[in-house]
Amino acid sequence: MVSMEVVYPDDFRCPISLEVMTDPVILASGHTFERASIQRWIDSGHRTCPVTMLPLPPHSSLIPNHALRSLIANFSPFTAGASRSNSMLSGQEALICSLSYPADVATLSLLLRLTKEDPAFRHRLADSGAPSVLLRHAELSDPDDLQALSLRILLYLSLDGDDARVGLVADGALDPLTHALAAGGPNAALAATILTSLAVVEVNKCTIGAHPSAIPTLSGLIRSGKGRERREAATALYELSKFPDNRPRAVRSGAVPALVSFASDGSERAVEVLGLIAKCREGREAMRNVKGFVKVLAGVLREGRARGVEHALLVLNLTCSDSVKMICEVKQEGVEEICFMLVELDNGKVGRNALMMVRTLEKGGMGGFR
């Protein structure tokens with residue numbers, strides 16, 4: 001006789017009793033427990049969440065988790081004699097159908113795990129109404145953990161292909177993402193990463209760039225954010241700046257001084273973004289007006305790695321290509337001597353860019369342009 005052992009997902013089990021829940025309730029921390037188990041915990045005098053160990057507010061109430069309860073009740077567990085794939089599919093479909101706003105930590109954690117591990121589930125989730133629920137949570141930083149979980153799920157959904165990327169933008173992703181960017185912190189870095197993924201599609205580059213807050217908020221994050229926030233924001237702006245119309249928008253948003261400052265802190269990505277923005281007239285003018293701009297890029301030439309040096313040469317070449325004043329400043333910083341050395345030492349892109357820089361400086365010195 002075949003054993004009929006029922007196997008439930010771990011997320012259906014109470015973190016305290018480890019038994020499948022029959023009456024799941026949500027604690028103020030956002031985590032879900034079996035009602036009897038968490039009530040015993042509280043009645044024993046504990047005033048912290050058993051999972052996070054963070055303090056609970058006074059008179060903390062227990063909210064029924066109807067979505068998870070319905071999911072458990074409708075779950076079709078697989079057995080040794082049943083089809084595992086069919087039962088898993090049934091449970092996943094029930095999970096998607098049960099998702100509503102506001103969601104809870106347990107449900108979103110399960111969604112995140114399935115979205116990360118199962119490409120087929122990710123595709124079904126992207127085609128459902130779930131993104132609208134996730135986007136509502138992504139817009140609100142309170143509670144912070146729900147926003148983080150939603151943003152992580154949205155990031156995986158954005159990796160499901162170009163159709164998914166276009167679909168998320170069409171579903172209204174830009175407003176919630178820019179709100180998350182403006183709030184700063186780790187979730188702002190997540191939002192910037194999602195924007196980078198969405199901007200891979202050409203039509204999205206245009207749509208995101210035209211959004212009144214997207215590029216200005218990224219520029220603000222580069223200017224005043226912390227390490228990872230600045231890096232992710234610069235990467236998003238790099239992807240967006242591949243679309244020519246977004247380069248003047250970046251200039252108008254104040255991106256150039258922020259990028260120069262970030263480059264002075266050692267960011268190669270900032271130099272790469274400057275290389276794209278320097279391809280427009282407004283960008284070159286803005287760079288010339290930033291105090292210490294040439295000094296920063298000369299520092300990259302002296303101390304940076306190959307990729308940073310390559311793009312620093314490109315930026316300097318573009319900004320010198322129509323300005324004698326800029327050529328004089330570049331020569332005063334000793335860039336010409338550095339270029340001669342790079343031409344001798346490197347026969348790749350760095351050497352070629354250094355040679356172009358030397359020719360631009362010579363042309364300007366002979367009165368080739370004003």
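The shown structure was predicted, so the numbers you read here are calculated from the model rather than taken from an experiment.
- The side-chain heavy atoms of Val273 and Ile222, taken from C-beta on, include no pair separated by under 4.5 Å.
- By the 6.0 Å and 45° rule, Arg269 does not stack over the aromatic ring of Phe262.
- In terms of modelled atom types and a separation under 3.5 Å, the side chain of Thr196 and the main chain of Ala192 share a donor-acceptor contact.
- A side-chain donor from one of Asp43 and Gln39 sits under 3.5 Å from a side-chain acceptor of the other.
- One finds a salt bridge joining Arg288 and Asp322 here, because a Lys/Arg side-chain nitrogen approaches an Asp/Glu carboxylate oxygen to under 4.0 Å.
- Between Ser261 and Arg230 the shortest side-chain heavy-atom distance falls below 4.5 Å.
- Arg247 contributes no side-chain N or O that, together with a main-chain N or O of Ile277, makes up a donor-acceptor pair within less than 3.5 Å.
- Side-chain N or O atoms of Arg122 include one that pairs as donor or acceptor with a backbone N or O of Thr115 at under 3.5 Å.
- To the nearest 0.5 Å, atom CG of residue Leu240 and atom CG of residue Leu195 are 7.0 Å apart.
- A side-chain donor-acceptor contact under 3.5 Å links Arg47 to the backbone of Ile42.
- A donor-acceptor contact shorter than 3.5 Å links the side chain of Asp118 to the backbone of Phe121.
- With salt bridges taken as basic N to acidic carboxylate O contacts below 4.0 Å, none links Lys325 and Glu329.
- For Gln147 and Asn187, the side-chain atoms include at least one donor-acceptor pair closer than 3.5 Å.
- Two residues are said to be in side-chain contact when any heavy atoms from C-beta on lie closer than 4.5 Å; Val51 and Phe33 meet this criterion.
- With contacts defined as side-chain heavy-atom distances shorter than 4.5 Å, the pair Arg35/Met21 does not qualify.
- Using a 4.5 Å heavy-atom threshold, the side chains of Leu345 and Phe340 count as separate.
- Note on Lys242 versus Glu239: salt bridge recorded, some NZ/NE/NH1/NH2 to OD/OE distance being below 4.0 Å.
- In this structure a side-chain-to-backbone donor-acceptor pair under 3.5 Å is present from Asn353 to Glu310.
- At most 12 heavy atoms of other shown residues, nucleotides or ligands fall within 6.0 angstrom of atom CD in Glu303.
- Trp41 contributes no side-chain N or O that, together with a main-chain N or O of Ile16, makes up a donor-acceptor pair within less than 3.5 Å.
- A donor-acceptor distance shorter than 3.5 angstrom exists from the side chain of Glu34 to the backbone of Asp23, with no hydrogens or angles considered.
- Side chain of His211 to main chain of Thr207: no donor-acceptor pair is present (N/O by atom type, distance under 3.5 Å, no hydrogens or angles).
- For Arg284, the CZ atom counts as densely surrounded, since its 6.0 Å shell holds more than 12 non-hydrogen atoms of other residues, nucleotides or ligands.
- The hydrophobic clustering, which links ILVMFWY residues whose side-chain heavy atoms are closer than 4.5 Å, places Val350 and Ile338 together.
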| said: Determine whether His123 and Asp127 satisfy the following criterion, side chain to side chain donor-acceptor pair (under 3.5 Å), listing intermediate values before the conclusion. | reply: CA-CA 6 Å; His123 187 70; Asp127 288 342; 3.3 Å; yes
| message | If you apply the rule side chain to side chain donor-acceptor pair (under 3.5 Å), what do you find for Ser213 with Thr178, and how did you get there? | response | CA-CA 6 Å; Ser213 300; Thr178 54; 4.9 Å; no
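- In this structure, His137 and Tyr101 have tilted ring planes: the angle between them lies in the 30° to 60° band.
- Atom-to-atom distance recorded for Arg152:CZ and Ile194:CD1 is 10.0 Å, nearest 0.5 angstrom.
- The CG atom of Leu274 sits 4.5 Å away from atom CE of Met287, with the distance rounded to the nearest 0.5 Å.
- No donor-acceptor pair closer than 3.5 Å links the side chain of Thr107 to the backbone N or O of Ala103.
- Counted by atom type alone, Asn246 and Ser241 present zero donor-acceptor pairs between their side chains at under 3.5 Å.
- Around the NE2 atom of His179, the shell of radius 6.0 Å holds no more than 12 heavy atoms that belong to other residues, nucleotides or ligands.
- Looking at Ser158 and Ser197, their side chains do bring a donor and an acceptor atom within 3.5 Å of each other.
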